[in-house]
2 protein chains.
Amino acid sequence: MVYLQLKRKRMAKKIKPESDISTEEKIKEAARIVFMKKGFSATRTRDIAEEAGINLALLNYYFRSKEKLFELVMMEKFQAFFGVIFPILNDANSTLEQKVELIADRYITLLTETPDLPIFILSEIRTNADRMIENVRLDKILGESQFVKQLHARRPDMHPVQLIMSILGLVVFPFIMRPILVQSKSTDDKMFNAMMNERKAWIPKWFNSILNAR
Amino acid sequence: MVYLQLKRKRMAKKIKPESDISTEEKIKEAARIVFMKKGFSATRTRDIAEEAGINLALLNYYFRSKEKLFELVMMEKFQAFFGVIFPILNDANSTLEQKVELIADRYITLLTETPDLPIFILSEIRTNADRMIENVRLDKILGESQFVKQLHARRPDMHPVQLIMSILGLVVFPFIMRPILVQSKSTDDKMFNAMMNERKAWIPKWFNSILNAR
DNA sequence: TAATTTTTTAAACATTTGATTAAAATATCC
DNA sequence: GGATATTTTAATCAAATGTTTAAAAAATTA
C-alpha cells in the first residue's frame, strides 16, 4: 500500500510539480550530502533524517531502504562523474588537443563544485563493487571512442590507457589529495581552488609535452 | 588485569620471541587484510575474527577495541605510504631528476604489492579525519624539503604543490583507478602491472617535460 | 605434579541501527 | 464539509554489532 504511493506521487508530479521543496527532495538532498561525506557504511539513516530535518520513518516511506536511496545517489554521482567525460571523448569534430582542454576545464570546474566526488565514487567501488553499477562497459566505451583512436594515431607505441590514466591523474588526483593538503595546512580552500584554476591551462600544455616525450 | 597481560606478553617477546605465528599477529594480519579491503566502517570485528580464524573475544583481549586495532593498522599503512617518499624528498645529494626517478620507482613497486593502499588511506582520511594521525605536518615536511627547494629553483613561477600533485597524480592515480579498470575489463591484473612497470620509466620523462613546459 | 597464570571459548549483554507499525495529522476530492 | 487518501509521527521491533564475562583449557612455574 505504502509503496504504491511512490508511483502515485511520481505520476502526480507531472501534473502538479511540488511547489516548494518536497519531503522527498529534502531527503534526497540530505542523502547526497551525508553519503558523499561519509560513504555508505559510515552513514546512518538517522544521520540523513537529521540532516533533512524529517522523521526517520519517512526515509523508508519514500525510498524503501537505505540501500535504495544510496543507489539513487550513486547513480546520480556516477552520471555526473562520467557524464562529463564521455561526450567529449566521442566528439568527432574536435582535435586531441581540444579534447584535453575540454576535459581539464570541465572536470576541474565540476570538481571544484563537488570536490568529494572522486573519493566518493572510487572508494565506494572498492568497498562494495556489487552495490555498484555493474555495466559501465568502460572497455567498450573507451575502446571505440574518438579519443582513443586519436591517441593511438599520435602514439601507436603507447597503450591509450596509459595516457588516459595520466591525464585523469593530473586532473582528478589533486582533488583526492585535497583532504590531506587542507588538513595538514599545506593549502587552504581558496588557495587550492586558485591552483586548480591554474591547472586548467597547465594540464593541456603538460599533456602535450607528455604526448611528445620520447 | 587482562590488559596487564599485554605488557607482560610484549616484554616476554624480547626474551622468547613466539616460535611460530602468534594469536596477536594472526589478528593483526587479518585486520590488515579486512580493513584495507573494506575500510573501518564496513568492517565488522567478526569479519576480522573469521579471517584470523580465532574467537571473537580474542580481538578485544589483545587489542582492547576495534578502534585501537584500526589505529594500529592505519599507523602502519600511513607509515608505508609516506615513509617511502619523505626520505627521498630530503636527500641533499640527489638531483631533482633523480628524486623523481626514485619516487616513481619506489612508489610503483610498493603499490604494485599493495594496490589498495592509496584508496584505503585517502578514503579513511575523508571518512573520519579525527581517527587519523593528526600531526602529519605535511606543510613543514614539504616546505623545508630539498625537493621543494629544487622545484622552486627550477620553476619559481609555479607553486611546488602544483608539481607535487602532478607527479603523485601520475604515480598514484592509476592505482586508485584500478578497481574501475579491472572491473570494467579495460585491463586485467597482469596487464595493469605491466603498464605500471612501464610507467617507472615514462614518468620521469614526462615530469621532465612538465618541468620544461611553458 | 600441584598451583598459578595465561589464553581461549561459548554465551550473553548493551547499544546501535535499519526498518516497520499503528495512530495522528494533514491534504485532497466529491 | 465530510469522506477518503496521503503524509507524518512516536513507538517499537528485530537483527547486527562491539564488547564483556565467567568458566574451561592450556601453558608456565615452583
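Model, not experiment: these values are computed from the prediction. To find a chain, count down the sequence lines: A is the first, B the second, and so on, and within it residues start at 1.
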Whole-Å gap separating C1' (D/dA16) and CG (B/D47): 12 Å
Rounded to the nearest Å, what distance is computed from the CD atom of residue B/E50 to the C1' atom of nucleotide D/dT17? 15 Å
If I take atom NZ in residue B/K66 and atom C1' in nucleotide C/dT16, what distance separates them, rounded to the nearest angstrom? 12 Å
Cationic N near anionic O, under 4.0 Å, A/R32 to A/E25: yes
Closest to the side chain of B/A57, out of C/dT9, C/dT16, D/dA16, is C/dT9
Between B/T45 and D/dT19, is there a side-chain N or O to OP1/OP2 distance below 4.0 Å? no
Any side-chain N or O of A/S65 under 4.0 Å from OP1/OP2 of C/dG18? no
Please determine whether a side-chain nitrogen of the Lys or Arg among B/D116 and B/K37 lies less than 4.0 Å from a carboxylate oxygen of the Asp or Glu. no
In whole Å, what is the span from the CG atom of A/N55 to the C1' atom of C/dA23? 13 Å
Interatomic distance, B/K68 NZ vs D/dT19 C1' [rounded to whole Å]: 14 Å
Using a cut-off of 4.0 Å on non-hydrogen atoms, how would the nucleic acid contact of A/L59 be classed: base, sugar-phosphate, or nothing? nothing
Return the value, rounded to whole Å, for the distance between atom CZ of A/R46 and atom C1' of C/dT16. 7 Å
Lys/Arg-Asp/Glu bridge criterion (N-O < 4.0 Å) met for B/R178, B/D189: yes
Separation of A/Y61 atom OH from D/dA5 atom P, in whole Å? 13 Å
In whole Å, I'd like the distance from the CZ atom of A/F63 to the P atom of C/dG18. 16 Å
If only side-chain N and O atoms count, and only distance matters, is there a donor-acceptor pair under 3.5 Å linking B/S94 with B/K99? yes
C/dT7, OP1 or OP2 - any side-chain N/O from B/T23 closer than 4.0 Å? no
